[in-house]
Amino acid sequence: MKSYKDRTASVIEKSGQMRKRSAARKRILAGSAAGVLCLTLVLAVPLFNSEPAADEESPSGVYFAQDYDDVYAALQTWDSGIMTYIDKESAFSVEYGTSRTDANMALTKEDSVTSEAENLSAGQEIHYAADAAESEKDYSGTNNQVEGIDEGDIVKTDGKYIYALGNGKVKIFRADGENTELMSSFSAGINLDQTEINAAEDFAAKQEGTVRSAPYELYVDGDILAVVCGRYTQPYCRGEKELYAADCIYIEKSETEVEFYDISNKEKPEKISTAGQDGNTVSGRMTDGKLYLTTSYYVYEKAEKDEPETYVPCIYEDGRKSTVEAGSIAIIPERESNSYTVITVYDMETGRVMSSRSVLGAGDSIYMSGDNLYVLRGKTEEIESEPYEEDRYKAVDVNVESSTSILKFRLTEESVDLVGEASVPGYVDSQFSVDEKEGYLRVVSTKNDSDYRILTDEKYGFENYEWKEATSENGVYVLDENMKITGKLEGLAEGEQVYSARFDGDTGYFVTFRTVDPLFSVDLSNPANPEILGELKIPGFSEYLHKYGDGLLFGLGLSADEKNGQTGNMKLTMFDISNPADVTEKHTLETDNNWSEALYNHKAALISEKKNIIAFPAGEKYLIYGYDREKGFYQRGAVDTGDLGYDSRGLYIGNYAYIVSMQELRVLDMEKFEVIKTVTAE
């Protein structure tokens, strides 16, 4: 493949037809927290052989860098919001991204090759993890989306022990009903108190900054515990300069760090490795003894062409660092910021980095099937008309369109390989709006469009904006294994947006909302021709949907006024989906609470038809409900936690339930759901 310097870029005729303004800038600002760069004073030489296979082809429009000059050149086509200094007399200026339209900077490659996506497996049918293998084990795991693919959380169990995070510490409990006890507790990450931070400020300003590292999720695989930490550095200047000096290049640093522990001895866990990658965590998954971490790395510092560590993400392993190899960096020509998506594969057994891939073009969320990893990012384009005269103004009509870009990576033995990129109209609500079955990817999205006019008075030098009413509609899209749209449904539920979605084999369910809650059921058995089966309208909406045994779909959401859409308290709903073409609401129950972490974080919910449990934190209590197919919902227990509904998790092992909060673990019998023991762990 020719290098970027030797190729002729296709000219994209823009001439004012596209601008990316406020929405893009908001994303850049949000992404700026992920801005990091490599700082340790060692040679930036690659340590890991993560270069794509020789026969790996680039998907259409996306190309792999041949060297760091390619990456540097691509970065120059975007005003990235980098903080730079003007001169020694003034402080830095900050200008947030506007897409350059210089034809010489255009990046679409005429010779980009299209991936054939050969040898893809047929894909694994997705099952609901909460229902998976319940007959084979008698304990609950994390409420994962996909069976066999674990998601990180603050509490884990292997059926004998409970592992929990709280106040910067990892706590290991032996789960044995009334005999439950704390086995060990140890600090993870780097936790500095304010005195230490203040004492370090002078040193930080001169050289390296103050590092803090906070653990926020766990993974357990046999005798290995992985603790994922967010690692941050206080602002400092690159080089020997005073903080905030006129010629200071201002830096904040963030990384995602993983500490691996041997927990074969639960009383004395032993750290075996520390590894990590640049950027803030997007999400992670664990399967088949491998941990996949995805981060978003923002190029914050002024890029120095001959210093790749100033503009290329780094990988860390036991004190060593390496810039991601140029051949492992894919570049998206049409992107909205100079943010990288960094995907690193870790071996859980050894705690070592297996490989790393980066894409210049950030991701907001991920979905992972048994064969593929998908990285999604929302985009907004502002498309302008040609200027025209109206009265004394020069007028321009602007149409704001939303879309979601989807990158597909094939899981290999030790890495991930980029297969292709696709774009669907609208934004994706969450990971549950995406699903793969038999090689087909199904996506539910909400398209939010708005129009406005810019009226420029050239005589007096000012602009007026005339806003038109925003519109929204929803769609369902089916993509084949080559990331081509095979079938679609559009124009659904105009004026509403998707609040939740769930897929069940050949049927998809999604909830939209404005004043009432339409639950749509979609037949996806023919990928080329998805069809609406039914639509049920009820007051309120469901933020989370969960299959609850045969023919039932549970919804957790909020009640709402049918006339004005004003939301009220939390609502439990059970839908009868035995006939997807005629979905009905079997039972509903409104609670006394109006918020729960489970409304936006599915891992905070414990749901098991086998144990007849629907439980979640709300207010200062942990609420436990049961469900009877004839009588509906009923409360089985309510435990005071005092945690205002934050960071509490429920699980069961055998005949006992356990509620884990920041500082305590409570053991409950599963008949009356009364607390029979409390274990305190500072």
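For the numbers below, each heavy atom of this structure counts, side chains included, while hydrogens, waters and symmetry mates do not. Keep in mind it's a predicted model, so treat the numbers as computed, not measured.
Contact check for V282 versus T295: no side-chain heavy atoms found under the 4.5 Å cut-off. E585 places none of its side-chain heavy atoms less than 4.5 Å from the side chain of M574. Here the side chains of Y499 and D429 are not in contact, with every heavy-atom distance at 4.5 Å or above. Side-chain contact between L218 and I154 is absent, with no heavy-atom pair separated by less than 4.5 Å. No side-chain heavy atom of V498 sits under 4.5 Å from any side-chain heavy atom of V511.
Atoms CD1 and OG, from I653 and S140 in turn, are 7.0 Å apart once rounded to the nearest 0.5 Å. Taking CG from N569 and OG from S559, the interatomic distance works out to 5.5 Å, rounded to the nearest 0.5 Å. T446 contributes atom OG1, which lies 11.5 Å from atom CG of D449 (distance to the nearest 0.5 angstrom).
The closest side-chain donor-acceptor pair between N144 and D150 falls under 3.5 angstrom. Using modelled atom types and a 3.5 Å distance limit, the side chains of D371 and S369 yield no donor-acceptor pair. Residues Y548 and H546 bring no donor and acceptor atom of their side chains to less than 3.5 Å of each other. Side-chain atoms of S405 and R377 form a donor-acceptor pair, as typed in the model, at a separation below 3.5 Å. Checked by atom type, the side-chain pair T256/T281 shows a donor-acceptor distance below 3.5 Å.
D480 contributes a side-chain N or O that, together with a main-chain N or O of M483, makes up a donor-acceptor pair within less than 3.5 Å. Listed for the E259 side chain is a donor-acceptor partner under 3.5 Å among the backbone atoms of G189. T404 places a side-chain N or O within donor-acceptor distance of the main-chain N or O of G426, the cut-off being under 3.5 Å. Looking only at distances, a side-chain donor or acceptor of S521 sits under 3.5 Å from a matching main-chain atom of G534. Of the possible donor and acceptor atoms, one in the side chain of T341 sits under 3.5 Å from a partner among the backbone N and O of G363. Under a 3.5 Å cut-off, the side chain of D364 and the backbone N or O of G378 do form a donor-acceptor pair. Panel note: side chain D561, backbone K563; a donor-acceptor pair is recorded below 3.5 Å. In this structure, the side chain of S542 does not engage the main chain of L545 through any donor-acceptor pair within 3.5 Å. A side-chain donor-acceptor contact under 3.5 Å links K266 to the backbone of I263. With S403 contributing its side chain and S423 its backbone, the two residues share no donor-acceptor pair below 3.5 Å.
Open room surrounds CG on D550; 12 or fewer heavy atoms of other groups in view lie less than 6.0 Å from it. Atom NZ of K603 has more than 12 heavy atoms from other residues, nucleotides or ligands within 6.0 Å. Atom CD of E349 is surrounded by 12 or fewer heavy atoms from other residues, nucleotides or ligands within 6.0 Å. Around atom NZ of K169, no more than 12 heavy atoms belonging to other residues, nucleotides or ligands sit under 6.0 Å away.
Annotation: cation-pi geometry not satisfied between K171 and Y163 (NZ/CZ under 6.0 angstrom from ring centroid, within 45° of ring axis). With Y139 as the aromatic partner, K137 meets the cation-pi criteria of under 6.0 angstrom to the ring centre and within 45 degrees of the ring axis.
Under the side-chain hydrogen bond (donor to acceptor under 3.5 Å, both in side chains) rule, T142 has a single partner from E151, H602, K156, which is K156.
Closest heavy-atom contact between C229 and Y216: C-CE2, 3.4 Å. Shown here for T512 and A493, the closest heavy-atom pair between the two residues is OG1-CB, 3.6 Å. When every heavy atom of S578 is checked against every heavy atom of D576, the shortest pair comes out as OG-OD1, 2.6 Å. Minimum heavy-atom separation, E436 to Y367: N-OH, 3.0 Å.
Legend: residues meeting side chain to side chain contact (heavy atoms under 4.5 Å, CB included) with R514, ordered by chain and number and at least two apart, are E496. For Y627, the ring-ring contact (aromatic ring centres under 6.0 Å, His included) partners at least two apart in sequence or on another chain are H587, F633.
The aromatic rings of F616 and Y625 sit parallel, their planes meeting at an angle under 30°, below the 60° perpendicular limit. Taking the six-membered ring where tryptophan is involved, the planes of F513 and F541 are tilted, since the angle between them lies from 30° to 60°.
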Exercise. Would you check, one step at a time, whether the test salt bridge (charged side-chain N to carboxylate O under 4.0 Å, His left out) holds for R502 with D435?
Key: CA-CA 8 Å; R502 202 79 197 228; D435 175 84; over 6 Å; no
Exercise. With salt bridge (charged side-chain N to carboxylate O under 4.0 Å, His left out) as the test, would you mind laying out the steps for E674 and R666 before giving the verdict?
Key: CA-CA 10 Å; E674 295 177 345; R666 296 170 176 85; over 6 Å; no
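Not less than 6.0 angstrom separates the ring centroid of Y544 from the ring centroid of F554.
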